[in-house]
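The figures that follow rest on heavy atoms only: side chains count, while hydrogens, waters and symmetry mates do not.
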Amino acid sequence: MKTLWTNGKIFTMKSEGDFVEAVLVEDGTIISTGFKKDLLPLADQMESLDGSVMYPGFVDSHIHLIGHGEKLSYLDLSSFTSISQIKEAIVGHIQNKEWYVTEGWDDNKLKEGRPLTCMDIDFIEETAVVLKRVCRHVLVANSKAMGLAGISKDTPNPTGGIIGKDEKGELNGLFYDEAQRLITDYIPSPTTDYLKKIITSSIEDLQSKGLTGVHSEDMAYYGHYNIPLQAYREVVKSGFRVHLLRHHDVFEQMQDEEESAFIEFGAMKIFVDGSLGGRTALLSEDYADKPGERGIEVHSPEKLEDLVKLARRYKENIAVHVIGDEAVEKVLDLIEKYPVTVGKKDRLIHVNVLRVDLIERMKKLSVVLDLQPIFVASDFPWAKERLGATRLPWAYAWKSLLDEGLDCSGGSDSPIELADPLLGIEAAVNNLHLPQQALTVYEAVSLYTSGSAKAIGRENSRGFILPGYDADFTILDNVLEKENILSTKIVQTVIAGESVYKIQK
């Protein structure tokens with residue numbers, strides 16, 4: 001059955017402003033584009049856009065799909081502006097549970113001007129409470145949770161993590177980066193049935209936001225990787241494309257897992273540092289607002305090198321969380337020493353803080369930079385205090401990276417940020433904090449279309465509206481322009497030629 005999509009403006013994204021009148025689709029693939037009068041005689045049926053605007057399907061290149069689904073159902077702390085508000089809110093949600101876990105608190109928004117500590121939540125004595133910071137690189141646990149996990153003030157810091165203590169050397173309930181696992185390993189694992197419900201609600205929400213697919217990393221946080229993977233297999237049989245990165249803890253175990261038409265497996269995911277908000281991003285010089293601190297190195301140099309060698313043994317690429325410039329440098333050293341397999345690209349995720357010498361090195365390598373434009377809106381103005389003026393020219397430098405010819409993709413990092421591609425495009429185009437780094441609409445949309453395709457080696461089958469490409473479309477009510485991004489609405493989301501979401505009129 002050949003379907004002609006027409007009667008609207010169809011941007012191919014092959015070049016800025018390039019559009020066609022009609023797209024002919026068969027069996028989930030674009031077979032021709034061109035004029036309506038030429039293609040209509042070849043079609044068995046027609047889908048009218050009714051004046052709407054079609055783009056290639058938007059893909060979020062960095063999200064935690066399960067975490068996004070959980071955020072839809074649990075108490076989100078990201079909007080709270082005081083510790084007292086948080087305390088009042090969580091009491092109403094605990095409901096006599098053995099463990100209560102939620103996330104989103106941000107000390108940069110709290111009027112107290114400090115992180116939560118166990119002293120704030122120890123009034124809850126019967127339930128183990130764990131509240132993850134918005135960046136997911138810091139959590140606070142109450143004394144009940146620390147007791148169940150066997151944590152005392154004498155517990156040593158694990159490699160790549162810090163157990164927080166007050167000025168008297170007593171536990172304050174804060175756990176940074178790898179130290180979080182001392183607590184989270186004791187949280188009961190969810191069931192596959194629970195995860196199926198979460199994945200289903202997450203995908204439905206993402207489809208309504210115009211997303212035709214995501215790149216997610218969920219395989220090492222919900223018990224044995226088979227638990228979330230089975231949930232994915234039972235839910236994602238059509239209607240959404242999921243590219244799953246494989247956490248280094250389960251990467252080798254997953255080598256024999258088979259892909260399906262809508263579930264793909266990708267690079268080895270590695271964390272090298274933490275977050276700027278938690279001052280655990282690894283910098284080459286001290287934090288401007290905390291002299292003497294430069295962040296956390298999640299892995300020892302030997303362990304990090306072993307992980308890269310393991311990925312290369314399987315001829316695979318790596319997807320590496322690197323926020324600070326020192327973290328980027330450590331990874332570039334290893335990529336240069338152990339080049340990626342020809343035809344693949346390594347992924348550097350976030351790259352918030354860079355230097356000129358690092359840019360020059362990256363330009364010589366097969367890498368994609370996985371950017372989150374919405375970070376600028378969230379991290380400023382406090383990011384200036386963390387970094388100081390001298391580091392700002394290459395901080396959150398999205399425009400400069402594109403101008404240097406580097407491949408870049410676009411994601412949200414939900415549930416840390418909001419999983420709405422239009423918000424990401426708005427943040428990239430109307431960049432109030434770093435106007436010199438503002439992108440054009442075409443550049444910003446490309447991050448979520450051809451950029452996301454390049455990140456997984458699918459640039460010859462996704463990201464454009466061209467013959468031979470997947471028939472994945474995001475349909476809007478307006479042509480995206482600098483002034484109207486936030487007022488534009490998603491009209492329809494199409495995956496493999498099938499409509500999976502349509503706005504209610």
Side-chain angles (χ1 to χ4, degrees), residues 57 59-76 93 97-104 130 132 136 180-181 183-209 211-269 271 316 319 411-419 452 456 472 493 495-496 498 500-501:
V59 173
D60 190 315
S61 67
H62 187 71
I63 193 173
H64 306 275
L65 187 147
I66 292 175
H68 174 72
E70 288 183 313
K71 187 175 182 178
L72 298 174
S73 62
Y74 66 37
L75 177 66
D76 178 11
H93 286 75
K97 296 177 182 177
E98 180 183 5
W99 285 82
Y100 177 72
V101 183
T102 191
E103 63 185 272
V130 177
K132 300 177 183 178
R136 283 190 162 187
Q180 294 179 103
R181 299 180 69 166
I183 298 292
T184 58
D185 283 352
Y186 284 84
I187 299 172
S189 298
T191 64
T192 293
D193 285 342
Y194 165 80
L195 292 176
K196 284 167 59 178
K197 294 176 184 177
I198 293 297
I199 291 169
T200 298
S201 63
S202 184
I203 288 175
E204 289 175 352
D205 182 69
L206 296 171
Q207 289 170 335
S208 75
K209 291 176 167 54
L211 287 164
T212 60
V214 297
H215 308 167
S216 187
E217 198 261 294
D218 303 299
M219 295 292 101
Y221 311 107
Y222 305 96
H224 191 279
Y225 79 82
N226 271 326
I227 296 174
L229 181 56
Q230 183 60 30
Y232 269 113
R233 290 197 193 282
E234 293 186 33
V235 172
V236 185
K237 296 180 179 179
S238 64
F240 202 68
R241 301 189 192 276
V242 177
H243 183 91
L244 294 173
L245 301 178
R246 292 168 287 186
H247 188 281
H248 64 80
D249 280 345
V250 300
F251 173 80
E252 194 164 23
Q253 300 172 48
M254 293 185 66
Q255 289 304 308
D256 293 330
E257 296 290 349
E258 293 186 4
E259 297 183 344
S260 67
F262 291 89
I263 299 175
E264 305 162 349
F265 300 120
M268 175 194 281
K269 173 67 180 292
F271 287 87
E316 277 292 359
S412 65
D413 207 5
S414 178
I416 293 168
E417 301 288 353
L418 297 175
S452 290
I456 58 173
D472 297 347
T493 305
I495 300 169
E498 300 294 328
V500 298
Y501 168 80

Item to complete: State, yes or no, whether a side-chain contact exists between His215 and Asp60 at a heavy-atom distance under 4.5 Å.
Response: no
Item to complete: Search all heavy atoms of Glu217 against all heavy atoms of His64 and return the closest pair with its distance.
Response: O-ND1, 3.6 Å
Worksheet item: Would you say Tyr74 and His93 make side-chain contact, with heavy atoms under 4.5 Å?
Response: no
Fill in: Chi angles and distances behind the side-chain contact (heavy atoms from CB on, under 4.5 Å) call for Thr493, Leu211
CA-CA 7 Å; Thr493 305; Leu211 287 164; over 6 Å; no
Worksheet item: Would Glu257 and Arg233 count as a salt bridge (charged side-chain N to carboxylate O under 4.0 Å, His left out) if you check the C-alpha gap in whole Å, the side-chain angles of each, and the deciding distance to 0.1 Å?
Response: CA-CA 11 Å; Glu257 296 290 349; Arg233 290 197 193 282; 2.9 Å; yes
Discussion item. Using side-chain heavy atoms (C-beta onward) and a distance below 4.5 Å, is Tyr225 in contact with Leu244?
Written reply: no
Worksheet item: Are Val250 and His224 close enough that some pair of their side-chain heavy atoms sits under 4.5 Å apart?
Response: no
Practice prompt. Could you tell me whether Tyr221 and His247 have their ring centroids closer than 6.0 angstrom?
Written response: yes
Worksheet item: How long is the span from the CD1 atom in Ile63 to the NE2 atom in His68, to the nearest 0.5 Å?
Response: 5.5 Å
Worksheet item: Hey, what do you get for OG (Ser260) to CZ (Arg241), rounding to the nearest 0.5 Å?
Response: 10.5 Å
Worksheet entry | Ile416 CD1 to Lys71 NZ distance, which is reported to the nearest 0.5 Å | 9.0 Å
Worksheet entry | Min side-chain heavy-atom separation Thr184-Ile187 under 4.5 Å | yes
Fill in: Test applied, side-chain contact (heavy atoms from CB on, under 4.5 Å); reference residue, Phe262; option that passes from Val242, Val235, Ile495
Ile495
Worksheet item: Counting distance only, does the side-chain N/O of Thr102 pair as donor-acceptor with the main-chain N or O of Leu75 below 3.5 Å?
Response: yes
Item to complete: Quick one: closest heavy-atom pair of Phe265 and Glu258, and the distance?
Response: CE1-O, 3.5 Å
Worksheet, complete the sentence: On a heavy-atom basis, the closest approach of Pro415 and Arg136 is CG-NH2, 3.4 Å
Fill in: Met219 side chain reached by Pro228 side chain, heavy atoms, under 4.5 Å
yes
Discussion item. Could you go through Arg246 and Lys269, starting from their C-alpha distance and side-chain angles, then the distance that decides it, and tell me whether this counts as side-chain contact (heavy atoms from CB on, under 4.5 Å)?
Written reply: CA-CA 6 Å; Arg246 292 168 287 186; Lys269 173 67 180 292; over 6 Å; no
Item to complete: Starting from the C-alpha separation in whole Å, work towards a yes-or-no answer on side-chain contact (heavy atoms from CB on, under 4.5 Å) for Val59 and Val214.
Response: CA-CA 5 Å; Val59 173; Val214 297; 5.5 Å; no
Worksheet item: Are Ile66 and Tyr232 close enough that some pair of their side-chain heavy atoms sits under 4.5 Å apart?
Response: yes
Worksheet item: If you round to the nearest 0.5 Å, how far is OG1 of Thr212 from OH of Tyr501?
Response: 15.0 Å
Worksheet, complete the sentence: Heavy-atom closest pair (Asp472 atom, Ala496 atom, distance to 0.1 Å) is OD1-N, 2.8 Å
Worksheet entry | For Val101 against Lys132, the heavy-atom pair lying closest together | CG1-CE, 4.0 Å
Practice prompt. State the CG-OG distance between Leu72 and Ser201, to the nearest 0.5 angstrom.
Written response: 5.5 Å
Item to complete: Answer with yes or no whether the side chains of Tyr194 and Glu70 bring together a donor and an acceptor at under 3.5 Å.
Response: yes
Discussion item. I want to check something: taking the side chain as every heavy atom from C-beta on, are Phe240 and Leu65 in contact at a cut-off of under 4.5 Å?
Written reply: yes
Discussion item. Surrounding CD of Glu259 (heavy atoms of other residues, nucleotides or ligands, distance under 6.0 Å), is the total greater than 12?
Written reply: yes
Item to complete: Please assess Asp205 against Lys209 for the test salt bridge (charged side-chain N to carboxylate O under 4.0 Å, His left out), listing each intermediate value before the final yes or no.
Response: CA-CA 7 Å; Asp205 182 69; Lys209 291 176 167 54; 2.9 Å; yes
Worksheet entry | Where Ser61 and Gly411 come nearest, the two heavy atoms and their spacing | OG-N, 3.5 Å
Discussion item. With rounding to the nearest 0.5 angstrom, report the OG to CG distance, Ser412 to Leu418.
Written reply: 8.5 Å
Practice prompt. Take Thr191 and Ile227, measure what side-chain contact (heavy atoms from CB on, under 4.5 Å) needs, and give me the verdict at the end.
Written response: CA-CA 7 Å; Thr191 64; Ile227 296 174; over 6 Å; no
Discussion item. If we ignore hydrogens and angles and just use 3.5 Å, is the side chain of Lys196 paired with the main-chain N or O of Ala231 as donor and acceptor?
Written reply: no
